Amino acid sequence: ATVSHELRTPLNAMLGWARLLRSGTLNQTATARAIDSIERNAAAQAHLIEDLLDVSRIISGKLRLNVRPITPMGVIEGAIDAVRPAAEAKDIRIQPVLDPAAGPISADPDRLQQIVWNLVSNAVKFTPRGGQVEVRLARVDSHVEIVVSDTGSGITKEFLPHIFERFRQADSTTTRSHTGLGLGLAIARHLVELHGGTVSVHSDGEGRGATFVVKIPVMIVEETPESGRGEPGIRPTSGSCMAFSQAPRLDGLRLLLVDDEPDSISMLSTMLRSCGAEVASANSAAEAAQLLERFLPHVLITDIGMPGEDGYAFLRRVRMLPPERGGQTPAVALTAYARAEDRTRALLAGVQMHVPKPVELAELAAVIASLARRPM
């Protein structure tokens, strides 16, 4: 019931505003509000789906880490920056107390950022307006400790043993005041354990805040650490993404777009044409194969999951063609198949770039410009 509610709520807002936009009855102010609402709810739903996929990976034992030596300070700063807009909206102060000498640790920087993001966003969510969240990083003996404490609603003694369980929430009634699936803390605990660490929680009860402590072992053999500063955020906020107005120009480029979803074709074609590109589109691999040799695009953008012949088979067929018939056309896989193994399979089939959906439009334009060797 909770999953159904949380997925349907943003969908309701998106569909409702989209139908109002179609009606043509909205003034300029309402139109801007509609667009903001659709974008915000789409981002929220993408977040929910990613959490559900992470839980599926955890249950099936398929969640993997890309581990390397890092100093955690920059990664933690990135997570705090991603949460800061939500904190500022509630007038909550996030106070970082970070030791730059803590570490190095052997960790996946994206997953470490996800751990901190989940803990800090959880603290902001349950802290009332005007409260404070403190994030501390320090070296303690053979571990690095990340401590997230808040002045929020606290946790009852009865619920403390269940705080890291999947889909468990202190208030799961239909009258609850906080939304969410109850997955963030469960995912954080599993990710911490995959790093060989532990996570614990302490609270003195309702209304007295909570403190989460993550402990991750420092590296036994100290290597030259790669700075975590500037790592890409796994939960980018709209403020951290390149605005579409900053997208590179694609004037003079011929692009072939292949997707069996008409709405996706229409949206992407409109976007790419607004950047100056000449766009031909196909709804199937068979149609795209015929267009390819006539149109000879500079860049091919193809979906993977398509009926009849999927993107993998289509790409392999393209790579068998001679260069003068388009066989060496640079290709982008733009797909909802976003796992590491999907990326590997696409690269082996002959693409140069694998871009998961939903895509930032400016990012896609930058990828195309790069493949076409255009200055950005």
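This one's a predicted model, so the numbers in the text were calculated from it and none came from an experiment.
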Restricting to salt bridge (Lys or Arg N to Asp or Glu O under 4.0 Å), what partner residues turn up for Arg316, sequence neighbours left out? none

Would the distance check show the side chain of Ser37 and the main-chain N or O of Ala34 forming a donor-acceptor pair, the cut-off being under 3.5 Å? no

Residue pair Val258 / Met306, side-chain heavy-atom distance below 4.5 Å: yes

Would the distance check show the side chain of Glu278 and the main-chain N or O of Leu253 forming a donor-acceptor pair, the cut-off being under 3.5 Å? no

By salt bridge (Lys or Arg N to Asp or Glu O under 4.0 Å), Arg84 pairs with (sequence neighbours left out) Asp81

Could you list the cluster mates of Val147? Members are the ILVMFWY residues connected by side-chain heavy atoms closer than 4.5 Å, either directly or through other members. Val213

Check the hydrophobic clustering (I, L, V, M, F, W, Y; side-chain heavy atoms under 4.5 Å; chains of links allowed) and say if Phe212 and Val140 are grouped together. no

List in chain and number order the residues that pass side chain to side chain donor-acceptor pair (under 3.5 Å) with Thr29, two or more places apart in sequence or in another chain; answer none if no residue qualifies. none

Name all pairs fulfilling the side-chain hydrogen bond (donor to acceptor under 3.5 Å, both in side chains) condition that reach into residues 193-202, sequence neighbours left out, sorted by first residue then second. His202-Asp204

May I ask you to check whether over 12 heavy atoms, not counting those of Glu287, lie within 6.0 Å of atom CD? yes

Out of curiosity, does Met267 fall in the hydrophobic cluster containing Leu272 (side-chain heavy atoms, cut-off under 4.5 Å, transitive links)? yes

Would you say Arg273's side chain and Val279's backbone share a donor-acceptor pair under 3.5 angstrom? yes

Could you check whether any side-chain N or O of Ser121 sits under 3.5 Å from a backbone N or O of Trp117, counting only pairs where one atom can act as donor and the other as acceptor? yes

What pairs meet the salt bridge (Lys or Arg N to Asp or Glu O under 4.0 Å) rule with one or both residues in residues 140-155, with sequence neighbours excluded? Glu145-Lys215

Just so I know, are the side chains of Val116 and Val75 near enough to count as touching, which here means a heavy-atom distance under 4.5 Å? no

Heavy-atom side-chain proximity of Leu268 to Leu364 below 4.5 angstrom: yes

Contacts of Gln95 that satisfy side chain to side chain contact (heavy atoms under 4.5 Å, CB included) - sequence neighbours left out: Arg93, Val97, Gln132, Glu134

Are the side chains of Leu21 and Thr31 in contact, using a 4.5 Å heavy-atom criterion? yes

Please tell me whether Leu292 and Leu296 are part of a single hydrophobic cluster in this structure, the criterion being side-chain heavy atoms less than 4.5 Å apart. no

Which residues satisfy the side chain to side chain donor-acceptor pair (under 3.5 Å) test with Asp310, sequence neighbours excluded? none

Would you check if the side chain of Ser274 reaches a backbone N or O of Met271 as a donor-acceptor pair within less than 3.5 Å? yes

How long is the straight-line distance from CD1 of Ile155 back to OG1 of Thr211, given to the nearest 0.5 Å? 9.0 Å

Please answer whether the main-chain N or O of Pro104 pairs with a side-chain N or O of Thr71 as donor and acceptor at a distance below 3.5 Å. no

N/O donor-acceptor pair under 3.5 Å between Arg139 side chain and Ala101 backbone: no

Partners meeting salt bridge (Lys or Arg N to Asp or Glu O under 4.0 Å) with Glu309 (sequence neighbours left out): Arg317

Do Ser370 and Gln352 have side chains that approach each other closer than 4.5 Å (heavy atoms only, starting at C-beta)? no

Would the distance check show the side chain of Arg319 and the main-chain N or O of Gly327 forming a donor-acceptor pair, the cut-off being under 3.5 Å? yes

According to a hydrophobic-cluster definition based on side-chain heavy atoms being under 4.5 Å apart (Ile, Leu, Val, Met, Phe, Trp, Tyr only), do Val351 and Leu348 belong together? no

Which residues share a side chain to side chain donor-acceptor pair (under 3.5 Å) with Ser264, sequence neighbours left out: Asp259

Is the shortest heavy-atom distance from the side chain of Ile301 to the side chain of Val355 under 4.5 Å? no

Contact check, side chains of Ile70 and Ile105, non-hydrogen atoms, under 4.5 Å: yes

Applying side chain to side chain contact (heavy atoms under 4.5 Å, CB included), can you list everything that pairs with Ser56, at least two apart in sequence or on another chain? none

Return the CZ to NE2 distance between Arg254 and His298, rounded to the nearest 0.5 Å. 4.0 Å

Looking at Asp108 and Asn66, would you say the former's side chain and the latter's main chain have a donor-acceptor pair under 3.5 Å? yes

Using a cut-off of 6.0 Å, state whether more than 12 heavy atoms not belonging to Gln328 lie near its atom CD. no

With a cut-off of 6.0 Å (strictly less than), are more than 12 heavy atoms of other residues, nucleotides or ligands near CD of Gln28? no

Apart from Ile35 itself, what residues make up its hydrophobic cluster, given side-chain heavy atom links below 4.5 Å? none

Do Val83 and Val133 have side chains that get closer than 4.5 Å, going by heavy atoms? no

